[in-house]
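Following: one structure in structure tokens, then a few remarks.
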Amino acid sequence: MLRPIAAKIISKVVEDARKSGSLPDDIRLNYIIETPREEGFGDYSTNIAFILAPQLRKRPLDIAAMLVERMKGSEYCESITVAGAGFINFSLKDSLWQQLLKDTASMGIKSLYPNTGGGKKVLIEFVSANPTGPLHIGHGRGAAVGDVLSNLLERTGHAVAKEYYINDAGRQIKTLGRSTFLRLKELRGEAVEYPPDLYQGDYVRDLAGRIIDEGIPVPPGDEEAISFLAGYASSFIMDGIKNDLGEFGVNFDNFFLESSLYASGIVEETLQILKDREIAYEKDGALWFRTGLYEKDEDRVLIKSDGENTYFTSDIAYHLDKFKRSFDVLVDIWGSDHHGYIPRLSASVQALGRNKEDLRFLLIQFVTLIKDGKPVGMSTRSGEFTTLREVMDEVGRDACRFFFLMRKSDAHLEFDLDLAKKTSNENPVYYVQYAHARIESIFRNAREAGVDTNNLSDADCTLLTLKEELDLIRWITRYHSVLDGSARSLEPHRVTFYLIEIVGRFHSYYNKTRVLGNDMGLTRARLLLLSALRDVIRDGLDLVGVSAPEKM
RNA sequence: GCGCCCGUAGCUCAGUUGGAUAGAGCGUUGGCCUCCGGAGCCAAAGGCCCCGCGUUCGAAUCGCGGCGGGCGCGCCA
């Protein structure tokens, strides 16, 4: 919305210059147009002169001067200047910004959604925690990032599906069965030794107690009992996980079982493909994958000498299955402790004939909870990890989600529980929500004063001449490029930063300028501005999965 | 030993994919409510962008070498 106009201006100038012979046809034009952080430099800045200089063997300053001369004919821009060593700075005319506001307000928030994806089908796989225990805080961060990323991609022209992968065929589920079995014996008064490699968390004991209380029939033989309990416990825990996720506002389109890969035969198919292409080879009685063909990584085992598949094998099959379901791009969101696994999986999709870029990874760094200024310890081994539910119950869903998105996902996150609970400007969640509530309050007052707030489309935007008002309009239209940039880079945290930023401009404006006044024309114009602003805040909060309250 | 991530204000972190005089919040100091929500606003102080070399018109950003922190390196799952 905003870039396109600036881009059009520049490309038209270049085209004109070509036609008149001032620029040759065969030049590379990989210049950029950006909004300079220094306000005094205008709305836009381009480095085109620097890009052309070496190609034309001319000084950047001379090229800039030539282009600026041509830009002066444009009906859209003003204050076109050459700055520094050859930057071209320019602004759009106020009237154009005012018109943009009007267009945005009348066409709605969706007119600010960029079509970055062009309808591409994307599968985002995230959380994928095994049902052997409740979700902890790290899973929560992954859940928030994955969910917000999918909202983001949906808004930017992608067809998104969210998937949760469950390793139900592995040993961990069996371990859960043994853990439950022993706790059950314990509760029945038998003396048992509980090995340290079993799940230590209290939830296992609770579950065993529940099985006794409810009189769930457990098969007599030890092996049968363990196998039964593995299934029972895991599906019980999985229900709990789904429940937690639901309350956290994260809903999946599909839960994919590892066991289904074996049932469908796609594991065999995968191995066959790799053998046929001679990407798999035998050595020491095992079957190996030639990772080195594609990535700087060691070769890895697909089938162990005891005949069992490794997890790597079923993971390759799983990704083949994803592609077979006609997804164009796959996004895998993992805990950062799995980063060493990336090269081999990336190699595997290339081995299957896909581009490396078709599988993208997002790593989630660990979360440290801070309470009373000190880190809260969490160790899975002792079973004393902090669960997502505990944090959600303590600080609320809104703060929880927002905080998870205040950092780049692959950076450590310090989650200050006390701050998340504060209801003051120190807490960014409230800062943003407060702006929304404040605007709603103004609208309530306006209606009470008899202003028809549903019909502002004929408001005269040319009355919005304050620096702060034009600046707010720029920030509103910028939503477009924020969505575009975060979608391209898979960085949903940019949206939260944008919200904090734009809302700050609003609070400042509000403090300085009265919206409702005697001048009805001006009042209506300002209300129109605020309605567009409110729509952006509301949509941004919705994207992050945080409520936009009308009153607080 | 090898690989990945990180190192920016006292603290927690951004930095528009290589742009101009490096930003925000918290904390510190000092101001603003006869007026639409003070859960807000304004201002000041605070910097060797870990260090060095290189790439170029231009580097916090890219490359190489160090230093410091985190994580990962199995025919484990």
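Below, chains carry the letters A, B, ... as their sequence lines are ordered, and counting in each starts from 1.
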How would you label the contact of Thr175(A) with the nucleic acid (heavy atoms, under 4.0 Å): base, sugar-phosphate, or nothing?
nothing
Does Thr523(A) reach a base, just sugar-phosphate, or nothing at all? Heavy atoms under 4.0 Å.
nothing
Applying the Watson-Crick and G-U wobble criteria at under 3.5 Å, what pairs with [N]? Answer none if nothing qualifies.
N: G3(B); answer: C71(B)
N: C62(B); answer: G54(B)
N: C35(B); answer: none
N: G30(B); answer: C42(B)

Quick one: does Leu23(A)'s side chain get under 4.5 Å of Met66(A)'s, heavy atoms only?
yes
Does this structure show an ion pair linking [X] with [Y], if we count only N-O contacts that are shorter than 4.0 Å?
X: Arg360(A); Y: Asp332(A); answer: no
X: Lys371(A); Y: Glu394(A); answer: yes
X: Lys356(A); Y: Glu295(A); answer: yes
X: Asp484(A); Y: Arg488(A); answer: yes

Does [N] have OP1 or OP2 sitting under 4.0 Å from an N or O in the side chain of [X]?
X: Lys422(A); N: C26(B); result: no
X: His493(A); N: G15(B); result: yes
X: Asn445(A); N: G37(B); result: yes
X: Tyr510(A); N: C35(B); result: no

Looking only at side-chain atoms of [X], point me to the closest of [options].
X: Ser441(A); options: C36(B), A14(B), G19(B); result: C36(B)
X: Glu414(A); options: U12(B), G15(B), A39(B); result: U12(B)
X: Lys551(A); options: G15(B), G37(B), A20(B); result: G37(B)
X: Ala437(A); options: A20(B), G37(B), U16(B); result: G37(B)
X: Ala83(A); options: C42(B), C36(B), A20(B); result: A20(B)
X: Asn511(A); options: G15(B), C41(B), G37(B); result: C41(B)

Could you give the [atom1]-to-[atom2] distance, from [X] to [N], as a whole number of Å?
X: Leu413(A); N: C5(B); atom1: CG; atom2: P; value: 20 Å
X: Asn30(A); N: G18(B); atom1: CG; atom2: C1'; value: 12 Å
X: Leu345(A); N: G3(B); atom1: CG; atom2: C1'; value: 17 Å
X: Arg514(A); N: C32(B); atom1: CZ; atom2: P; value: 21 Å
X: Glu34(A); N: G19(B); atom1: CD; atom2: C1'; value: 6 Å
X: Arg407(A); N: C6(B); atom1: CZ; atom2: P; value: 15 Å
X: Ile502(A); N: G23(B); atom1: CD1; atom2: P; value: 21 Å
X: Lys408(A); N: G7(B); atom1: NZ; atom2: P; value: 7 Å

Which letter, B, S or -, goes with each nucleotide of nucleotides 68-77 of chain B from 5' to 3', with contact meaning a protein heavy atom under 4.0 Å?
--SBS--BSB
Mind checking the [atom1] distance from [N] to [M]? Whole angstroms is fine.
N: U55(B); M: G18(B); atom1: C1'; value: 11 Å
N: G46(B); M: A22(B); atom1: P; value: 14 Å
N: A59(B); M: G54(B); atom1: C1'; value: 11 Å
N: U28(B); M: G10(B); atom1: C1'; value: 9 Å
N: G7(B); M: U61(B); atom1: C1'; value: 14 Å
N: U12(B); M: G74(B); atom1: P; value: 33 Å
N: C53(B); M: G1(B); atom1: P; value: 26 Å
N: A44(B); M: C48(B); atom1: C1'; value: 24 Å

Is there aromatic stacking of Phe87(A) on A20(B) here, judged by a ring-centre distance under 5.5 Å and a plane angle under 30°?
yes
Ring stacking, Phe497(A) with base of A14(B), under 5.5 Å and under 30°?
no
Hey, what's the ring geometry for Phe50(A) with Phe87(A), parallel, tilted or perpendicular (30° and 60° as the breaks)?
perpendicular
How are the rings of Phe312(A) and Tyr341(A) set to each other: parallel, tilted or perpendicular (split at 30° and 60°)?
perpendicular
Please determine if Arg534(A) forms a cation-pi arrangement with Phe443(A), meaning its NZ or CZ atom is less than 6.0 Å from the six-membered ring centre and no more than 45° off the ring axis.
yes
Under the 3.5 angstrom rule, does the side chain of Arg526(A) hit a backbone N or O of Arg514(A) as a donor-acceptor pair?
yes
Identify whether the glycosidic angle of U17(B) places it syn (within 90° of 0) or anti.
syn
Could you check C33(B) for me: syn (within 90° of 0) or anti?
syn
Walking RNA chain B from its 5' end, the first of Pro343(A) and Glu550(A) to be reached, judged by nearest nucleotide, is Pro343(A)
Nearest-nucleotide 5' precedence on RNA chain B, Arg444(A) against Met406(A)
Met406(A)
Within a 6.0 Å radius of atom NZ on Lys512(A), are there more than 12 heavy atoms belonging to other residues, nucleotides or ligands?
no
Under a plain distance cut-off of 3.5 Å, with no hydrogens placed, do His412(A) and Arg407(A) share a side-chain donor-acceptor pair?
no
